[in-house]
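Read the structure below first, then the notes.
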2 protein chains.
Amino acid sequence: MNEAGGRVSSQLRKGVLEYCVLALLRDEPKYGVELLTELSAVSVMTTSQGTIYPLLSRLRREGFVDTELRESPSGPPRRYYALTALGTAALAEFAGAWPLFRDAVDHFLTDPQGDTA
Amino acid sequence: MNEAGGRVSSQLRKGVLEYCVLALLRDEPKYGVELLTELSAVSVMTTSQGTIYPLLSRLRREGFVDTELRESPSGPPRRYYALTALGTAALAEFAGAWPLFRDAVDHFLTDPQGDTA
DNA sequence: ACCAGGAACCATGCAATGCAAGATACTGCC
DNA sequence: GGCAGTATCTTGCATTGCATGGTTCCTGGT
């Protein structure tokens, strides 16, 4: 029940977080906590470890990312996630569907009756 | 199954459909099948009775809408749904949260590293 | 009167996904 | 050895869209 980004934002994240993560990995491999940090940079996308790790596992299981364990300069080893060709394609598919969806919601919010364009 | 608006759009709808319905009711009460038709006008929002009726039941249970049974000129009676003050407030809350969320996704899709503004 | 068909509504069971809470493991410092 | 900090992962749960099927009511043909 956090007020600022509460129930609404939580439901909004469904099905989008996955692609934000893929987008974050577009340029270079990153590890879990790093992704968490970059997501938090945009407050509405802030999420937790309990969300990100199952999500990353699923992405790996479905072949969207490859993983590689690397030693950390200080701490336990980090698992780095890198986009595969399949992951790139999935991201592209989302990038195509998103504007349609976004404009649809904008449409309903601003002009529900659609008559007085 | 529908490929064009398949798994991606389906997940995108989660948590948004509810508010699109509230937006549709903003100006005047409407009944189930009518909402289904207006949603379908924007293809990515197309959904089914199995989605809309449980959703409308929930909106009623939570006090976002009031219902009124009216006779139909031809067919069984129609249950009309009208926005309550609570529903109007929920819609306003969503209308406030949506632009933040929308811009966040746009940000990740277009500039995942966010450094070269 | 009777039956076929369609319009409208609703309930049940399932799948996908985000989340809170907790468990495990590795490193460095004292 | 013990403690703190970083990082990964698992389990159980709540929410929500969806497919399927069933019920009620009206209309039209015979």
Side-chain angles (χ1 to χ4, degrees), chain A residues 1-2 5-22 29-40 44-62 64-65 67-81 94 101, chain B residues 1-2 5-22 29-37 39-40 44-62 64-65 67-81 90 94 101:
Chain A
M1 294 300 254
N2 27 1
R7 207 179 63 88
V8 171
S9 294
S10 174
Q11 285 306 320
L12 244 18
R13 274 189 281 273
K14 278 186 188 278
V16 169
L17 210 49
E18 178 179 344
Y19 296 99
C20 288
V21 168
L22 292 181
K30 285 169 183 161
Y31 65 99
V33 171
E34 187 178 11
L35 289 167
L36 229 35
T37 303
E38 300 201 4
L39 249 9
S40 298
V44 291
M45 285 299 171
T46 302
T47 187
S48 68
Q49 297 184 352
T51 295
I52 205 74
Y53 285 114
L55 194 164
L56 288 170
S57 294
R58 194 171 61 246
L59 291 179
R60 178 165 50 160
R61 190 184 335 125
E62 298 180 355
F64 292 147
V65 296
T67 69
E68 181 192 357
L69 218 50
R70 296 187 201 166
E71 292 184 7
S72 162
S74 68
R78 299 167 174 169
R79 187 181 300 280
Y80 280 79
Y81 297 83
F94 176 78
F101 176 80
Chain B
M1 271 136 295
N2 30 0
R7 206 179 63 87
V8 172
S9 295
S10 175
Q11 285 305 319
L12 245 16
R13 271 188 285 273
K14 278 186 188 278
V16 170
L17 209 49
E18 178 179 344
Y19 296 100
C20 287
V21 167
L22 292 181
K30 286 168 183 161
Y31 66 99
V33 171
E34 186 178 12
L35 290 167
L36 228 37
T37 302
L39 249 10
S40 298
V44 292
M45 286 300 171
T46 303
T47 189
S48 68
Q49 296 186 352
T51 296
I52 205 75
Y53 285 114
L55 194 163
L56 289 169
S57 294
R58 194 172 62 246
L59 290 179
R60 178 165 48 159
R61 188 183 342 122
E62 298 180 357
F64 293 147
V65 297
T67 67
E68 181 192 356
L69 217 50
R70 297 188 199 163
E71 292 183 7
S72 162
S74 67
R78 300 166 173 171
R79 187 179 301 278
Y80 280 79
Y81 297 82
F94 176 79
F101 176 79

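In what follows, chains are A, B, ... by sequence order, proteins preceding strands, each numbered from 1.
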Within the pair S48(A) and dG18(C), is there a side-chain N or O less than 4.0 Å away from OP1 or OP2?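 Checking dG18(C) against S48(A), no side-chain N or O comes under 4.0 Å of OP1 or OP2.
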According to side chain to side chain contact (heavy atoms under 4.5 Å, CB included), who are the partners of L17(B), at least two apart in sequence or on a separate chain?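 Listed in chain order: R13(B), L39(B), M45(B), T47(B), T51(B), L55(B).
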Pairing residues for E68(B) by the side chain to side chain contact (heavy atoms under 4.5 Å, CB included) criterion, not counting sequence neighbours: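 E68(B) satisfies side chain to side chain contact (heavy atoms under 4.5 Å, CB included) with R70(B) once adjacent residues are dropped.
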Apply side chain to side chain donor-acceptor pair (under 3.5 Å) to R79(A) and list each qualifying residue two or more places apart in sequence or on a separate chain.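 Partners of R79(A) by the side chain to side chain donor-acceptor pair (under 3.5 Å) criterion come out as none, since no residue qualifies.
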Can you sort out the partners of Y19(A) under side chain to side chain donor-acceptor pair (under 3.5 Å), two or more places apart, ordered by chain and number?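 For Y19(A), the residues satisfying side chain to side chain donor-acceptor pair (under 3.5 Å) (neighbours in sequence not counted) are R7(B).
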One character per nucleotide, please: for nucleotides 8-17 of chain C, 5' to 3', B when the base has a protein heavy atom closer than 4.0 Å, S when only the sugar-phosphate does, - otherwise. SBBB----SB
Atom-pair distance ([atom1] on [X]; [atom2] on [N]), nearest Å:
X: L12(A); N: dG17(D); atom1: CG; atom2: C1'; answer: 15 Å
X: L55(B); N: dC18(D); atom1: CG; atom2: P; answer: 10 Å
X: R70(B); N: dC26(D); atom1: CZ; atom2: P; answer: 17 Å
X: E68(A); N: dT8(D); atom1: CD; atom2: P; answer: 13 Å
X: I52(B); N: dA7(C); atom1: CD1; atom2: P; answer: 18 Å
X: E71(A); N: dT6(D); atom1: CD; atom2: C1'; answer: 15 Å

Do the side chains of F64(B) and L22(B) get nearer than 4.5 Å, heavy atoms only?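 When only atoms from C-beta onward are counted, F64(B) and L22(B) do touch, with a gap below 4.5 Å.
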R58(B): which residues meet the salt bridge (charged side-chain N to carboxylate O under 4.0 Å, His left out) condition with it, sequence neighbours left out?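 Counting only residues at least two positions away or on another chain, R58(B) forms a salt bridge (charged side-chain N to carboxylate O under 4.0 Å, His left out) with E18(B).
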